[in-house]
*Asks:* 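Below you'll find the structure I mean.
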2 protein chains.
Amino acid sequence: MSNIRDVAKVAGVSIATVSRALSAPETVSKKSLKKVHEAIEQVQYKPNMLARNFRRHRAFTIVVLVPNMANTFFANVVRGIEDIMQQHGFGVLLGDTRDQRKREEEYLKLVETRQADGVIQLRPYLEGDSILPKNDIIAVNAAGCENTPYPCVRIDNAGAAKTATDYLISLGHQRIGVITGLANNPHTVDRLKGYQQSLTAAGIEFCEDWVAEGEFTMWSGLNAAQHFVRLPEDERPTAILSMNDEMAIGAIKGFRTAGINIPGDLSIVGFDDIEVSRYTEPALTTIAQPAEEIGKAAANMLLKLLDGNELRNLDYVLPYEFVVRSSSVPKSN
Amino acid sequence: MSNIRDVAKVAGVSIATVSRALSAPETVSKKSLKKVHEAIEQVQYKPNMLARNFRRHRAFTIVVLVPNMANTFFANVVRGIEDIMQQHGFGVLLGDTRDQRKREEEYLKLVETRQADGVIQLRPYLEGDSILPKNDIIAVNAAGCENTPYPCVRIDNAGAAKTATDYLISLGHQRIGVITGLANNPHTVDRLKGYQQSLTAAGIEFCEDWVAEGEFTMWSGLNAAQHFVRLPEDERPTAILSMNDEMAIGAIKGFRTAGINIPGDLSIVGFDDIEVSRYTEPALTTIAQPAEEIGKAAANMLLKLLDGNELRNLDYVLPYEFVVRSSSVPKSN
DNA sequence: GTGAAAGCGCTAACAG
DNA sequence: CTGTTAGCGCTTTCAC
């Protein structure tokens with residue numbers, strides 16, 4: 001394995017010139033540049049990034065903390081992050097935390113020990129249960145919630161949930177159920193707020209029985225459906241807002257298994273607009289989050305921070321879109 | 001930011017002792033060890049991994065090349081990889097190549113420039129269109145195909161496709177269609193082989209019209225369905241093998257839109273067993289690949305290679321499972 | 001069991 | 001525009 005010294009020797013220049021030829025070619029004469037490139041070719045030189053990064057005190061790597069990479073929405077956010085980072089010469093270390101705090105801490109150590117320059121967190125901030133923000137750690141939150149105490153890019157979760165609920169009400173539904181994530185999850189909190197605002201605005205009284213707690217998985221959506229199935233038919237919601245598409249998909253399965261027709265007997269609206277939601281039967285009405293854009297914006301924010309710049313906006317809110325498909329219909333009779 | 005020298009000074013020992021206390025504690029006296037740990041605490045020392053890795057000529061990082069992270073199957077393989085790597089103190093750099101050769105090359109440079117020690121490739125090997133194997137690059141292929149010229153962990157794709165087709169034949173189906181990936185994709189080739197073996201064994205003549213080319217996306221599955229819909233009804237397959245679940249899901253949508261009832265009019269079998277396949281309507285009969293296990297096995301192989309060990313088995317074949325659900329039924333009348 | 005010292009391969013003043 | 005030189009923070013001989 002050849003090094004910068006070998007190149008310098010063959011090219012007949014100093015190692016400084018070789019170094020400059022690579023990282024600041026404009027400061028080197030055409031002639032030297034040519035010699036250096038020929039020498040590089042000849043000795044098959046590949047710069048040792050381990051050495052370069054060490055010397056520069058930068059890893060040119062970030063780590064992304066994601067609760068579950070198998071979740072399509074998260075995967076798409078990560079793709080956006082990676083795309084931007086790649087363009088800027090940064091690597092992205094994957095930190096699939098599987099919702100375990102210990103793993104989050106483990107991955108954060110990469111930043112503390114300089115293996116990574118910064119971190120993008122995909123888990124929403126929760127007071128008392130967050131490893132971020134932290135001193136000396138440059139971080140941004142992606143797809144998070146209101147009132148995140150460090151730079152954050154997100155959508156208006158409450159507003160989106162209100163939009164979806166308003167729509168169901170406009171369809172004539174009065175008994176509107178909701179499938180949430182875990183009760184203390186900030187996404188649950190924000191979206192529940194929007195749901196309740198909508199109910200209040202329409203003069204509908206909130207009912208505990210209309211809330212089924214899930215955990216953002218298909219499986220938990222199916223369980224949530226069973227909760228509603230158990231209610232007497234005249235108290236059962238005629239429409240349901242699910243706080244993500246996975247749970248909506250699970251719920252549809254659960255309702256159908258119980259002989260409840262979707263959307264004939266019950267309308268359902270999801271959240272996220274993952275790809276498969278266009279293909280389910282019925283196709284899912286849902287809130288479309290711009291997953292990749294969220295990732296890209298978060299990456300750009302982090303890059304600015306890493307360059308030592310101040311951020312103009314610490315809470316960057318991207319627009320969502322409400323997509324009507326066939327899982328929601330006017331209340332029958 | 002404190003360094004090893006600060007620790008040594010406070011502890012009253014040499015920097016060599018501090019270094020040893022951290023990487024080979026058994027060679028240091030209890031007394032020194034205690035002093036060192038107290039000093040570390042006092043000056044808040046975090047070892048600089050950039051320096052350590054540079055000095056050790058190892059990045060303790062690998063890169064994983066994945067065609068598309070938004071594909072649930074790939075995501076699960078990556079999760080398996082990451083889990084093992086994490087346990088062994090290695091980071092995993094994400095290389096979502098989006099099926100672009102240029103991006104593959106870009107990411108491979110990380111290995112050549114020592115930012116990563118090795119690579120796991122999730123795209124199957126294709127002669128004449130592969131950046132691997134490559135001299136001086138330690139690599140293993142995960143979820144690949146037969147005859148991969150470097151270490152590989154996979155399932156028996158041909159066997160699995162044959163199993164699925166045999167099953168459809170046993171259900172009385174004679175006209176059996178297949179939705180493939182791109183024609184030159186090795187997975188397409190291997191699985192098509194199994195499909196044809198099954199047909200031959202049953203004395204059914206292969207028919208060109210029964211093959212629709214997709215590209216492993218839901219969208220392309222939907223298009224493939226339209227190809228079959230265009231065939232005269234008495235020549236149309238009564239059962240279809242889709243080379244992955246995504247295309248099967250797209251195809252179901254396509255058939256249903258055309259008024260074809262699944263599984264009443266047409267049985268369909270998928271491949272991979274991604275999570276959502278349990279929740280579709282009808283639930284998908286499919287070949288279950290042990291995605292995480294494949295990832296873990298590939299990671300363990302790479303780790304062995306990185307430690308300079310020889311591999312006992314260069315083609316590690318894991319078992320698949322055939323999962324019967326409701327998308328496949330006996331041929332009607 | 002411990003310390004002194006020599007670098008790993010590169011970058012970045014600094015002087016010319 | 002170019003070369004000399006002093007390290008970055010750590011590991012690892014080699015003596016003692």
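So you know, we letter chains A, B, ... as the sequences are listed, proteins then strands, and number each from 1.
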*Asks:* Checking side-chain polar atoms at under 3.5 Å, does Asn147(A) have a donor or acceptor matched by the opposite partner on Glu127(A)?
*Replies:* no
*Asks:* Return a table of donor-acceptor pairs under 3.5 angstrom between the side chains of residues 300-314 of chain A and protein atoms on other chains or two or more places apart.
*Replies:*
| residue | atom | partner | partner atom | Å |
| --- | --- | --- | --- | --- |
| Asn300(A) | ND2 | Lys296(A) | O | 3.2 |
| Asn313(A) | OD1 | Asp315(A) | N | 2.9 |
| Asn313(A) | ND2 | Asp315(A) | O | 3.4 |

*Asks:* Roughly how far, to the nearest 0.5 Å, is the NZ atom of Lys9(A) from the CD1 atom of Ile15(A)?
*Replies:* 11.5 Å
*Asks:* Which residues pass the ring pair (Phe, Tyr, Trp, His ring centres under 6.0 Å) test with Phe90(A), not counting sequence neighbours?
*Replies:* Phe60(A)
*Asks:* Taking salt bridge (charged side-chain N to carboxylate O under 4.0 Å, His left out) as the definition, give me every residue that meets it alongside Lys34(A), ordered by chain and number, with sequence neighbours left out.
*Replies:* Glu38(A)
*Asks:* Tabulated below should be each protein N or O lying under 3.5 Å from an N or O of nucleotides 13-16 of chain C; please produce it.
*Replies:*
none

*Asks:* Tell me which residues in residues 21-28 of chain A lie within less than 4.0 Å of DNA chain C, going by non-hydrogen atoms.
*Replies:* none
*Asks:* Under 3.5 Å, side-chain donor or acceptor atoms of residues 62-74 of chain B against the rest of the protein: list the pairs with distances, not counting sequence neighbours.
*Replies:*
| residue | atom | partner | partner atom | Å |
| --- | --- | --- | --- | --- |
| Asn68(B) | OD1 | Arg79(A) | NH1 | 3.4 |
| Asn68(B) | OD1 | Arg79(A) | NH2 | 3.2 |
| Asn68(B) | OD1 | Ala70(B) | N | 2.8 |
| Asn71(B) | OD1 | Phe73(B) | N | 2.8 |
| Asn71(B) | OD1 | Phe74(B) | N | 3.2 |

*Asks:* Could you list the residues that satisfy ring pair (Phe, Tyr, Trp, His ring centres under 6.0 Å) with Phe54(A), not counting sequence neighbours?
*Replies:* Phe54(B)
*Asks:* Atom NZ of Lys9(A) to atom P of dG9(C): distance rounded to whole Å?
*Replies:* 13 Å
*Asks:* Tell me if a side-chain donor or acceptor on Arg154(B) pairs with a main-chain N or O of Leu318(B) at a distance below 3.5 Å.
*Replies:* no
*Asks:* Would you mind writing out the side-chain donor-acceptor pairs for residues 136-143 of chain B within the sub-3.5 Å range, not counting sequence neighbours?
*Replies:*
| residue | atom | partner | partner atom | Å |
| --- | --- | --- | --- | --- |
| Asn141(B) | OD1 | Gly144(B) | N | 3.3 |
| Asn141(B) | ND2 | Arg123(B) | O | 3.0 |
| Asn141(B) | ND2 | Tyr150(B) | OH | 3.0 |

*Asks:* Which of these, Asn76(A), Asn157(A), Asp272(A), sits in a side chain to side chain donor-acceptor pair (under 3.5 Å) with Gln289(A)?
*Replies:* Asp272(A)
*Asks:* Would you indicate whether the side-chain heavy atoms of Arg20(A) and Pro25(A) approach each other to under 4.5 Å?
*Replies:* no
*Asks:* Looking only at atom types and distance, does a side-chain atom of Ser130(B) sit under 3.5 Å from a main-chain N or O of Leu126(B), one as donor and one as acceptor?
*Replies:* yes
*Asks:* For a 4.0 angstrom threshold against heavy atoms of chain A, report the outermost contacting nucleotides of DNA chain D in 5' to 3' order.
*Replies:* dC1(D) to dG9(D)
*Asks:* Using a cut-off of 4.0 Å on non-hydrogen atoms, how would the nucleic acid contact of Ser19(B) be classed: base, sugar-phosphate, or nothing?
*Replies:* base
*Asks:* Check DNA chain C against residues 35-51 of chain B and give the residues with a non-hydrogen atom under 4.0 Å, in numerical order.
*Replies:* none
*Asks:* Would you check if there is a donor-acceptor pair between the side chains of Gln121(B) and Glu104(B) at a distance under 3.5 Å?
*Replies:* yes
*Asks:* Donor-acceptor check, side chain of Asp6(B) to backbone of Asn3(B), threshold 3.5 angstrom: yes or no?
*Replies:* yes
*Asks:* Within the structure, does a side-chain N or O atom of Ser29(B) lie under 4.0 Å from either OP1 or OP2 of dT2(C)?
*Replies:* yes
*Asks:* Select from Lys31(B) and Arg55(B) the residue whose nearest nucleotide in DNA chain C is closer to the 5' end of that strand.
*Replies:* Lys31(B)
*Asks:* Which residue, Ile15(B) or Lys30(B), contacts DNA chain C at a nucleotide closer to its 5' end, judged by nearest heavy atom?
*Replies:* Lys30(B)
*Asks:* List in chain and number order the residues that pass side-chain hydrogen bond (donor to acceptor under 3.5 Å, both in side chains) with Thr17(A), two or more places apart in sequence or in another chain; answer none if no residue qualifies.
*Replies:* Ser14(A)
*Asks:* For the helix from dG1(C)-dC16(D) to dG16(C)-dC1(D), what is the angle between the axes at its two ends, each from 5 pairs, rounded to 10°?
*Replies:* 30°
